[in-house]
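Take a look at the structure set out below.
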Number of protein chains: 2
Amino acid sequence: MLNWDDLKFFLAVCRAGSVRSAAITLKVNHTTVSRRINSFELALGQRLFERTSQGYVKTKLADEIYNEASYLEERLNTVERKIIGRDDELSGDIRVTLPEILATELLMPGFAKFCHLYPEIDIEIIESVKELNLANREADVAFRIVKQPPDYLVGRKIAVLHRACYLSKKLAHKLSEPGWLEQQNWIGWTDKLRKPIGLIAKEYPRFSSKHKIANAQLQSIACKEGMGIAILPCFKADLDDELVRIPPYISEAKYDLWILSHPDMRKNNKIQSFVRFMTEYLANKNDLIEGREFTR
Amino acid sequence: MLNWDDLKFFLAVCRAGSVRSAAITLKVNHTTVSRRINSFELALGQRLFERTSQGYVKTKLADEIYNEASYLEERLNTVERKIIGRDDELSGDIRVTLPEILATELLMPGFAKFCHLYPEIDIEIIESVKELNLANREADVAFRIVKQPPDYLVGRKIAVLHRACYLSKKLAHKLSEPGWLEQQNWIGWTDKLRKPIGLIAKEYPRFSSKHKIANAQLQSIACKEGMGIAILPCFKADLDDELVRIPPYISEAKYDLWILSHPDMRKNNKIQSFVRFMTEYLANKNDLIEGREFTR
DNA sequence: TCGAAGTGTTGCATTTATGCACCACGCAAT
DNA sequence: ATTGCGTGGTGCATAAATGCAACACTTCGA
């Protein structure tokens with residue numbers, strides 16, 4: 001069976017007249033060209049070139065095939081330009097994966113702005129904390145909260161997420177009662193993550209741990225309902241009218257936020273426009289993300 | 001850059017609706033199909049299929065590409081059938097490599113007969129004792145005098161070549177003079193091949209060695225000119241009116257003659273017809289080859 | 001005649017593609 | 001709820017393709 005991709009090599013040699021010259025055009029080693037021609041001839045069972053010291057000379061059969069191959073090449077190139085050009089035209093879909101917690105107040109307004117700018121682009125949002133496979137286009141762009149992303153992806157760190165401690169606004173009036181706060185409890189996460197460590201453990205009161213809710217969104221809701229003190233990202237809780245920070249009000253830098261894509265998408269104008277836009281959008285949200293937009 | 005051969009995988013998956021089913025059609029492993037589709041999508045920067053547990057579902061873009069790809073496939077298949085069918089039609093060229101000594105009285109009549117049977121076939125004869133490369137069609141069929149051919153070629157042993165000792169016919173009348181023969185000399189080959197070994201050394205007189213001619217054709221001519229006794233293949237010398245065998249007239253089985261081709265030519269009707277024809281032709285020449293057509 | 005520059009080919013090391021075995025998941029039947 | 005059968009995907013071993021360095025050959029100019 002013919003390898004259709006060998007047609008590229010055939011065409012290049014027909015035009016260049018030598019395997020070394022064709023190799024430069026094709027950006028491969030010249031021995032590869034020689035071997036690809038050999039295997040193409042074998043598959044066809046016919047000789048396409050005379051090998052001379054001045055290069056490869058086409059046989060009559062090669063002349064016949066060349067015309068057809070040129071036509072097919074033109075057709076294929078048209079298809080390819082149409083599809084890839086579709087990306088350059090800033091239309092079609094972009095698949096974005098992110099943890100749900102980032103979607104609401106933080107990123108969604110940015111997505112909406114981007115879509116307003118480029119009405120031909122559809123954004124599909126995939127909420128997942130799993131590492132979706134960017135290589136087979138399960139997603140094109142990933143927002144990830146990690147210390148260090150995998151080597152095989154490209155991207156940049158666009159923010160450092162801060163967290164602080166929050167209480168339901170319904171209970172805010174109790175903060176002025178002496179000793180009331182110290183009797184509240186954390187809303188726990190899991191058996192292992194019952195109490196905080198780091199700056200928060202050091203600077204905030206030592207509450208007991210109660211409940212187990214391993215989801216920031218649900219922690220937020222439970223907190224609003226008065227179930228305890230929640231440690232929440234600032235970008236989310238500081239914008240929520242039903243939550244208030246508790247004393248000493250400080251935030252802790254805790255998580256790195258990255259925007260990632262597959263290296264092969266570097267040349268994709270659509271994806272890169274999106275990445276650029278969101279990076280800039282988030283740069284303008286830095287005070288919120290780092291907990292500085294908090295007002296008492 | 002698109003790998004054009006990936007189009008085959010794309011087409012197969014479009015038609016089969018699943019990678020496993022397409023893999024059966026394409027005679028590859030299903031993971032290969034999956035990976036080839038993934039890399040095709042990556043190269044295009046667009047998704048062509050939704051992955052479901054019931055198989056791959058085409059996107060709208062895939063529907064568009066499918067039509068074009070089907071058309072190109074039909075064009076390519078037409079080209080392929082035309083070329084390979086050309087072989088099946090018993091026309092075009094066959095390149096044959098062989099040592100010169102085999103070409104003249106032994107094989108050439110067979111070639112002529114084959115060409116008469118198939119007037120659309122051209123035979124190119126390449127005289128060479130070198131092992132021409134059958135993989136890149138320097139030659140299609142090789143006649144070789146070897147004990148054991150390389151593993152990567154296919155073929156069969158078609159004869160065992162015999163050799164005997166010959167004298168110029170001009171000197172044949174001297175054979176009846178007592179002691180005359182013993183005073184003649186071998187026509188030597190090289191410094192290392194000055195005297196024969198084996199049956200010939202054992203059964204024939206011990207001549208001294210004179211001259212050095214490392215070519216059977218030239219040995220034959222030198223012998224006719226009276227330069228000495230030559231050891232020559234029977235198929236050649238026994239047909240030559242200017243040469244006579246000397247007593248004790250016996251021949252020695254010495255060389256294996258093989259007909260070889262590249263494994264990928266097994267399905268090539270033209271080549272296989274040629275191989276079959278020549279094998280049968282030589283089977284009918286066996287008495288000559290093994291020295292039994294000698295008449296005193 | 002010799003050397004330089006072009007050509008193609010060979011052998012070996014490295015990289016990439018493929019196959020195999022296993023796994024995960026969804027769906028239908030029991 | 002469990003099992004069986006279909007689907008696609010992952011990790012590792014193996015095979016194939018490619019790149020690199022060296023070589024062989026031809027041609028041209030000094």
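Below, chain A is the first sequence line, B the second, and so on; all start at residue 1. Everything numeric in this text was worked out from a predicted model, so none of it was measured.
Going from atom CZ of B:R36 over to atom P of D:dG9 covers 16 Å, rounded to whole Å. One interatomic measurement links the two molecules: CD1 of A:I24 to C1' of C:dG6, which rounds to 12 Å at whole-angstrom precision. We find that CZ of A:F9 is positioned 10 Å from C1' of D:dA17, with the value rounded to whole Å. C:dG8 atom P lies 11 Å from atom CZ of A:F49, rounded to whole Å. The distance from atom CG of A:N29 to atom C1' of C:dT14 is 13 Å, rounded to the nearest whole Å. Note: CZ (A:R20) to P (C:dG6) measures 10 Å, nearest angstrom. What separates NZ of A:K27 from P of D:dC20 is a distance of 15 Å, to the nearest Å. The distance between atom CG of B:D5 and atom P of D:dA16, rounded to the nearest whole Å, is 16 Å.
Residue whose closest nucleotide on DNA chain C sits further toward the 5' end, between B:T31 and A:Y56: A:Y56.
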Would you sort out whether A:D5 and A:K8 count as a salt bridge (Lys or Arg N to Asp or Glu O under 4.0 Å), showing the intermediate values? CA-CA 6 Å; A:D5 209 52; A:K8 285 187 209 158; 2.9 Å; yes

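For A:H30 and C:dT9, a side-chain-to-base donor-acceptor distance below 3.5 Å is present, hydrogens and geometry of angles not being considered. A donor and an acceptor atom never sit less than 3.5 Å apart when one is taken from the side chain of A:R35 and the other from the base of C:dG8.
With B:R75 as reference, A:E68 is the one residue of A:E68, A:E73, A:E74 to meet the salt bridge (charged side-chain N to carboxylate O under 4.0 Å, His left out) rule.
Between A:S34 and C:dT9, a side-chain N or O to OP1/OP2 separation shorter than 4.0 Å is present. A sub-4.0 Å separation between OP1 or OP2 of C:dG19 and a side-chain N or O of B:T32 is present.
Ring geometry, B:F274 versus B:F114: the interplanar angle exceeds 60°, so the pair is classed perpendicular (tilted spans 30 to 60°).
Atom CG in A:L26 sits 10.0 Å away from atom OG1 in A:T32 (nearest 0.5 Å).
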